[in-house]
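To keep things clear, I will list the structure first and then write my remarks on it.
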Amino acid sequence: MINMIAIFGIVILALIYRAIIPPSPKICGSPNGPLITAPRVKLSDGRYLAYKENGVPRDQAKHKFVFIHGFDCVRHDVALLTTISPELMQSLGIYIVSIDRPGYGESDPHPKRTPKTLALDIEELVDQLDLGPKFYVMGFSMGGQAVWGLLKYIPHRLAGAILLTPVTNYWWGSFPANLTKQAYYEQLVQDQWTLRIAHYFPWLTYWWNTQKLFPSSSVATFSEDILFEQDRVLMPIFDSYQSQYRDLVRQQGEYESIHRDIMIGFGRWEFDPMELENPFPNGEGSVHIWQGDEDGHVPVKLQRFIAKKLPWIHYHEMKGGGHMFPWAEGMGDKVMKTFLLGEPFVM
């Protein structure tokens, strides 16, 4: 009887272990991994970072940008690129190099990835591509959140920064408890649990996002329940564009791409973005945030608080704007004219 109980216990433990331990990633270029099709740079720790160059040739560029993609995306998903006119791209000499963040597309996973390591990865990329001592950075959604890491760790390398509806972490210390509580509980219940697990029990993140007993992340499962009016119009445009390379996004495995993103984005950060100092005290550059007030992914009330806490931020709030506003017709031109030329931003 005791032996049977022991065997049963071992079986249960084995099933639990199998449920919570993610499979190893399929590294690009490995015997059983995806093919390498993108240009890549080899980083100092031996990992590879994939990239794609857009806009004018880098040796002719007047404004050189690094673009950081959002959640569940790759280097091809350059927000604003499809809404910047070729004429403006040429006249302003805009060059954009977009990356696959570690674990996505064809960039090697980084199990120890943090906001700091990504900032240093980007600095290495810039140096290997010989983009010069300073560059602009632009990030969308979770890529926008990643820009805070560059502002913290390599501000001396930046000429300016654009954060397009950057994801906020409910556990950043400067947020008032009553404000984050209100914003947190306005989410779908399934998303509350997804973020709660990622923050307090990150070792259960793989299990939570693969189990079938309860609904998990609405974003990862492409739920339309969190979309407001503008996003219901723009999301099909984005989906049609991304359908060309949808299989590339998670090809190395979900854990080191989207699950790692959730754990980092809503985990315990080593710094609070709202305690950063102005990286451009002499006005030699600027930092801009664009945020819609009908964004079902990022609470506008938290973005407003950040903008008040950091008065050196140029904050642009769009009435009726959703999370996918960069794909609205003409938006790229408007953002770039405001950021680079100082023209007023008008929706």
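Evaluation of the salt bridge (charged side-chain N to carboxylate O under 4.0 Å, His left out) rule for R250 yields D72, E254 as partners, not counting sequence neighbours. Looking at residues two or more places apart in sequence or on another chain, you find no side chain to side chain donor-acceptor pair (under 3.5 Å) involving Y136. Checked against salt bridge (charged side-chain N to carboxylate O under 4.0 Å, His left out), D127 has the following partners two or more places apart in sequence or in another chain: R157.
Under 4.0 Å is where a charged nitrogen must lie from a carboxylate oxygen, and between R113 and D261 at least one such pair does.
Side-chain contact check for S174 and D272: at least one donor-acceptor pair (N or O, by modelled atom type) lies under 3.5 Å. Side-chain atoms of S141 and H323 include a donor-acceptor pair closer than 3.5 Å. In this structure, a donor-acceptor pair under 3.5 Å is absent between the side chains of Q192 and Y170.
Using a 30° and 60° split on the angle between ring planes, Y153 and F271 fall in the perpendicular class, above 60°. Ring orientation note: the planes of H199 and W171 are close to parallel, at an angle under 30° on the 30°/60° scale.
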Could you list the donor-acceptor pairs under 3.5 angstrom formed between side-chain atoms of residues 90-97 and any protein atom two or more places apart in sequence or on another chain?
residue: S91; atom: OG; partner: E87; partner atom: O; Å: 3.2
residue: S91; atom: OG; partner: L88; partner atom: O; Å: 3.2
residue: Y95; atom: OH; partner: E53; partner atom: OE2; Å: 2.6

Result block: side-chain N/O donor-acceptor pairs under 3.5 angstrom for residues 329-342, not counting sequence neighbours:
residue: D333; atom: OD1; partner: S85; partner atom: N; Å: 2.7
residue: D333; atom: OD1; partner: S85; partner atom: OG; Å: 3.3
residue: D333; atom: OD2; partner: S85; partner atom: OG; Å: 3.0
residue: T338; atom: OG1; partner: K334; partner atom: O; Å: 3.1
residue: T338; atom: OG1; partner: E343; partner atom: O; Å: 3.0

Side-chain donor-acceptor pairs of residues 32-41 under 3.5 Å, sequence neighbours excluded:
residue: T37; atom: OG1; partner: E106; partner atom: OE2; Å: 2.4
residue: R40; atom: NH1; partner: E106; partner atom: O; Å: 2.9

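Of the candidates Y104, F238, Y51, Y245, Y104 is the only one forming a ring-ring contact (aromatic ring centres under 6.0 Å, His included) with H69.
A 4.5 Å side-chain heavy-atom check between M324 and I237 finds every atom pair outside the cut-off. Counting heavy atoms from C-beta on, the side chains of V147 and P166 never come closer than 4.5 Å. For the pair Y48/C28, no side-chain contact is recorded, criterion being any heavy-atom separation below 4.5 Å from C-beta on. Residues S44 and R47 have side chains not in contact (no heavy-atom distance under 4.5 Å, counting atoms from C-beta outward).
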| task | Could you check K301 against E186 for salt bridge (Lys or Arg N to Asp or Glu O under 4.0 Å), going step by step and ending with a plain yes or no? | result | CA-CA 11 Å; K301 54 172 61 75; E186 287 176 354; 3.0 Å; yes

| Verdict with reasoning, F345 to W290, per ring-ring contact (aromatic ring centres under 6.0 Å, His included) | CA-CA 10 Å; F345 179 78; W290 271 269; 5.7 Å; yes

| query | Can D77 and K52 be said to form a salt bridge (Lys or Arg N to Asp or Glu O under 4.0 Å), step by step? | reply | CA-CA 10 Å; D77 298 309; K52 179 183 180 181; over 6 Å; no

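The shortest heavy-atom contact between L158 and F280 is O-CE2, 3.2 Å. Residues W312 and E277 come closest through the heavy atom pair CZ2-O, 3.6 Å. Here the closest heavy-atom approach between residue I258 and residue F71 is recorded as O-CE1, 3.4 Å.
The distance between the ring centers of F201 and W207 does not fall below 6.0 angstrom.
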